[in-house]
Amino acid sequence: MHAMQYRITLPADYDMDIIRRRVATRGHLLDDFPGLGLKAYGIQERGVDGASVNSYAPFYLWAAPEAMNRFLWGAGFRGVVEDFGRPTVEHWVGLAFEPGPAVSERPHTAVRRVEPVPPGTDPATAVAQALARTRERARSAGVHSAALAIDPRHWELLHFTLRLDTGAGAPGSAPDGSYTPVADGSQEAGAPNGAGERFRVLHLSAPGLADLRPGRHW
């Protein structure tokens, strides 16, 4: 498994309905892309859920590296480059994937949290602790799935969670289960500091969801 995300920062006065229409008309094109585990079409809107800018930031979990290459060097990513310029593509080695209790439902929110592995820390110990937190996070009500990955160049762990907006215990939810946007990130179960970036998920392509093997990936 490989995790990937690029972020396209848009002007403060950008009409985000343009992105919504783009996803509505093109999002289905990857619904049957071989080797793609899932793609969450995420956006951030300035002033919503603590976002300081407008952005379009899709997130991918690839079940096969060949599929990632087909996308990056094929028509899919070419369209992104032609329309927005060439973005920086972040990439992480997959460590674990855990389906949650809401895996059969459509998620509306994604939460991304980057956790540095401090110098002097045993990497294997840090990963083992992160795996335990990923399993705990995936058991939370309203979670579609949780993934853990690592960038071994910069020694950063990536925690990524897809979830519904409603239900007790959801980030930003009130005691009665109603959704309230939060101003400073999201509280994630199993996270030491609880901080995370929130993205609204406009569409989920998940042709290879069943190919993302549950548990750790070694």
Side-chain angles (χ1 to χ4, degrees), residues 3-20 22-24 27 37-61 87-90 92 97-103 105-116 130 133-134 136-149 151 156-206:
M4 187 184 91
Q5 187 176 36
Y6 51 84
R7 189 188 307 244
I8 298 164
T9 302
L10 301 164
D13 60 351
Y14 190 85
D15 182 2
M16 293 301 287
D17 282 341
I18 296 173
I19 301 298
R20 290 187 175 88
R22 179 187 181 92
V23 174
L38 64 82
K39 175 181 179 179
Y41 293 76
I43 63 168
Q44 291 179 313
E45 295 186 80
R46 186 170 180 263
V48 178
D49 287 344
S52 59
V53 297
N54 293 323
S55 70
Y56 173 48
F59 183 89
Y60 304 74
L61 289 177
T88 297
V89 179
E90 296 182 276
W92 303 266
F97 178 78
E98 297 288 351
V103 71
E105 302 182 55
R106 189 180 81 80
H108 302 92
T109 299
V111 181
R112 162 189 155 145
R113 187 172 65 84
V114 174
E115 175 189 357
R133 294 196 296 272
T134 300
E136 179 184 355
R137 193 164 70 250
R139 290 195 294 265
S140 299
V143 168
H144 172 278
S145 57
L148 176 69
D151 173 359
E156 290 180 334
L157 289 161
L158 172 76
H159 303 262
F160 186 77
T161 310
L162 289 169
R163 60 177 310 137
L164 311 182
D165 276 345
T166 58
S173 64
D176 63 359
S178 60
Y179 175 70
T180 304
V182 295
D184 58 350
S186 303
Q187 190 69 28
E188 283 285 85
N193 57 16
E197 286 186 273
R198 289 174 63 91
F199 301 85
R200 176 65 53 182
V201 177
L202 300 181
H203 178 71
L204 183 73
S205 293

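This is a predicted model, so every value here is computed, not measured. In what follows, every heavy atom counts, from backbone to side chain, and hydrogens, waters and symmetry copies are set aside.
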Requested in this report: For residues Tyr14 and Ile19, determine if any side-chain heavy atom of one lies less than 4.5 Å from a side-chain heavy atom of the other.
Outcome: yes
**Report entry** Closest non-hydrogen atom pair between Val143 and Arg137, with its separation
**Finding:** CG2-O, 3.4 Å
Query raised in the report: Heavy atoms, side chains only, cut-off 4.5 Å: are Glu156 and Glu90 in contact?
Result: no
Requested in this report: Would you check if the side chain of Thr134 reaches a backbone N or O of Ala146 as a donor-acceptor pair within less than 3.5 Å?
Outcome: no
Report summary line: Sequence neighbours excluded, the answer for side chain to side chain contact (heavy atoms under 4.5 Å, CB included) partners of Arg106 is His108
Query raised in the report: Within the distance-only criterion (no hydrogens, no angle test), does the side chain of Arg163 pair as donor or acceptor with the backbone N or O of Ala141 below 3.5 angstrom?
Result: yes
Query raised in the report: Could you go step by step and tell me if Asp151 and Leu158 meet the side chain to side chain contact (heavy atoms under 4.5 Å, CB included) rule?
Result: CA-CA 8 Å; Asp151 173 359; Leu158 172 76; over 6 Å; no
Requested in this report: Determine the minimum heavy-atom distance between Asn54 and Pro11, stating which atoms define it.
Outcome: ND2-O, 3.0 Å
Query raised in the report: Looking only at heavy atoms, which two atoms of Glu105 and Leu164 are closest? And how far apart?
Result: OE1-CD1, 3.5 Å
Query raised in the report: What pair of heavy atoms forms the shortest contact from Pro101 to Arg139, and how long is it?
Result: CG-O, 4.1 Å
Query raised in the report: What distance separates Asp15 CG from Arg20 CZ, expressed to the nearest 0.5 Å?
Result: 8.5 Å
Report summary line: Here the gap from Gln44 atom CD to Phe199 atom CZ, rounded to the nearest 0.5 Å, amounts to 4.0 Å
Query - Side-chain heavy atoms of Val53 within contact of Arg46, under 4.5 Å - result: no
**Report entry** Parallel, tilted or perpendicular: rings of Tyr6 and Tyr60 (30°, 60°)
**Finding:** tilted
**Report entry** Separation of Arg113 CZ from Glu197 CD (nearest 0.5 Å)
**Finding:** 12.0 Å
Report summary line: When rounded to the nearest 0.5 Å, the distance separating CG of Leu61 from NZ of Lys39 is 12.5 Å
Requested in this report: Mind listing the closest non-hydrogen atom pair of Ala57 and Arg7 along with its distance?
Outcome: CB-CG, 4.0 Å
Query - Rounded distance (nearest 0.5 Å) linking atom CZ of Arg198 with atom OG1 of Thr161 - result: 11.0 Å
Query raised in the report: What's the shortest heavy-atom distance between Tyr56 and Ile43, and which atoms?
Result: CD1-CG2, 4.0 Å
Query raised in the report: What distance separates Arg133 CZ from His159 NE2, expressed to the nearest 0.5 Å?
Result: 5.0 Å
**Report entry** Pairing residues for Glu98 by the salt bridge (Lys or Arg N to Asp or Glu O under 4.0 Å) criterion, not counting sequence neighbours
**Finding:** none
Query raised in the report: Do Arg200 and Thr109 come within less than 4.5 Å of each other through their side chains, counting heavy atoms only?
Result: yes
